[in-house]
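Below is one structure, written out as structure tokens; comments come after it.
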Amino acid sequence: MRLSRYFLPVLKETPSEARIVSHRYMLRAGMIKQSSAGIYSWLPLGFKVLKKIEKIVHEEQEKAGHIPMLMPTIQSADLWRESGRYDDYGDEMLRIKDRSGRDMLYGPTNEELITDIFRSHVSSYKDLPLTLYHIQWKFRDEVRPRFGVMRGREFYMKDGYNFDIDHDSAIHAYNRHMVSYLRSYERMGLKAIPMRADSGPIGGEDTHEFLVLAETGESEVFYDDRILDLSLGAEAVDYDNWDECSEVVKKWTSPYARTNETHDNALFDQVPQEHRKSSRGIEVGQIFYFGTKYSDAMGASVQNSNGEKVSVHMGSHGIGVSRLVGAIIEANHDEKGIIWPEEVTPFHCGLINLRQGDEQADLACQTIYDSLSSFGLEVLYDDRDERAGGKFSTMDLLGLPWRIIVGPRGLKNGVVEVGSRRTGQTEEVSVEEAVKKIIQIYQSI
RNA sequence: CGGGGCGUGGCGCAGUCUGGUAGCGCACCUGUUUUGGGAACAGGGGGUCGUAAGUUCGAGUCUUACCGUCCCGACCA
């Protein structure tokens, strides 16, 4: 993309309402524009990142055998009356009437809708296990939206629901979700720690939250820092293998890790002093096993092999996709701007032409742009007629992980500069070498 | 939901106390000179001062109500 043809309203100054770094940088980098409290438009750059995160979530869910679909944002109140949550949910639910005066609502979550779909079409144990999910906008009329997309009223969330014949099978679904979530966060360049959590209004017996450590996090967390050494890496996990999944879960849930909601000082004291850590964290996901709570209330049952009607065991599992954009920035930035992990960067590489209009520089840039593009890499080419300083600052703010700088001075010696946003290291190489280097970096990911 | 702050061109702010017909920086447009870490000069465009009532000869400024938004606390992907 040529910057001169893109829509990227970068701000030099920080809008006064933004207090935390991710919100500030998202506004300054032209990723979002506030529409009203807790509601944002996603401008082109922010939209790209949102979609990249969404794609990773989709890929990892499908690997785990979970099936994508899409449910509406507007739901009928009737289903919620059936589950008993229409009254329970309170003012956080945005309630709407349609032209006939029917009670509708903007969905804050989808347990009711998915259970209704399930009971309409599934009646045999032979159709289980089944896990359906979607990624859809949600609305929760928060008392106090804040921190930009971190606590919006409208937010983009992946929510998945498993239907299993019994408790053990549902626990496997739970474990499967934990593994797939850990994998997703890792791919986004995040260290997310599963922590034993409270079930809250969704209700449930077993639940973990996933927290990214960050000073600006809203939760207070206590953990054994040896958990930070864990990583799934390239290790393959067979999602159909109950023992394998359960092993991974055991490994990740053995070290002490809890939020203040479930924190237990006596247990925490058993962690060796030097490993006992407490800090702040951002919640980027949560998994629940809640048994037959909704299936009982809404009559979601199947016949088992004995012909008996049994309620299905369910769980629900969420990843805050729009919140992750903020969380990733909280975990990856410096005083100059964002530093995107390669997997979610809006563009793979930045290209700066220091002397727009200079024949040699224009030509070299075009060559680099075309070469990288033909390899499927997205390049943000700053071809504006700006001075060097402005281009550098903009590129620093945007945080593309790699950049190539082209100018007449270097070209005189046949070189351009390739640099890493994260380390700040640069090297001078030929145009061909520069292209090759960027391609190699992304091939290895 | 309790407490506090703030609404003045796209962004950051001054002006409000003490009423007299709106200003600064950045951004934007035109031109010239510049160009390897946010250039200089010259010229120019853009604001019913959140909304509505009221007080006054006169309201950005005073009064009242409302709306919006942000922050702190209790709740949440």
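Fair warning: this is a prediction, and the values are worked out from it, not measured in the lab. Numbers restart at 1 for each chain; the letters A, B, ... are given by sequence-line order, proteins then strands. Side chains included, hydrogens not; waters and symmetry mates left out as well; all remaining heavy atoms used.
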Residue-phosphate contact under 4.0 Å: [X] side-chain N/O, [N] OP1/OP2:
| X | N | answer |
| --- | --- | --- |
| A/K12 | B/A27 | yes |
| A/R19 | B/C71 | no |
| A/S393 | B/G37 | no |
| A/Q34 | B/C70 | yes |
| A/S16 | B/C13 | yes |

- prompt: Under a 3.5 Å cut-off for both distances, is B/C24 Watson-Crick or wobble paired, and to whom?
  reply: B/G12

query: Mind checking who B/G43 pairs with, Watson-Crick or G-U wobble, both distances under 3.5 Å?
result: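 The base-pairing partner of B/G43, which may sit in any strand shown, is B/C29.
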
- prompt: Whole-Å distance between B/C75 P and A/D88 CG?
  reply: 18 Å

message: I need the CG-C1' distance between A/D385 and B/A39, as an integer number of Å.
response: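 Spelled out: CG on A/D385 to C1' on B/A39 is 13 Å.
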
task: Nearest-nucleotide wise, let me know which of A/E261 and A/F392 is further upstream toward the 5' end of RNA chain B.
output: A/F392

Need one value for [X]: base, sugar-phosphate or nothing, where a base atom within 4.0 Å counts as base even if backbone is also close, heavy atoms only.
| X | result |
| --- | --- |
| A/V321 | nothing |
| A/Q356 | nothing |
| A/R153 | nothing |

- prompt: Between A/H317 and A/D159, does any side-chain donor sit less than 3.5 Å from a side-chain acceptor?
  reply: no

task: Check whether the side chains of A/Q61 and A/S180 place a donor and an acceptor atom closer than 3.5 Å, and report yes or no.
output: yes

- prompt: On a plain distance test, is the side chain of A/E13 in donor-acceptor contact with the base of B/G25 below 3.5 Å?
  reply: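 For A/E13, whose side chain was compared with the base of B/G25, there is a donor-acceptor pair (under 3.5 Å).
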
statement: Of the listed B/C26, B/G36, B/C70, the closest approach to the A/I405 side chain comes from B/G36

query: Considering only B/C70, B/G36, B/C75, which nucleotide approaches the side chain of A/P408 most closely?
result: B/G36

- prompt: If you measure from the P atom in B/C66 to the same atom in B/C1, how many Å do you get, rounded?
  reply: 14 Å

- prompt: Under 6.0 Å between ring centres, would you say that holds for A/Y289 and A/Y174?
  reply: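 Distance test on ring centres: not under 6.0 Å, no.
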
- request: Taking the six-membered ring for Trp and the single ring otherwise, decide whether the centroids of A/F347 and A/Y6 are under 6.0 Å apart.
  value: yes

- prompt: Are A/R183 and A/E186 close enough for a salt bridge, meaning some N to O gap below 4.0 Å?
  reply: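 The answer is no: the pair does not qualify as a salt bridge.
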
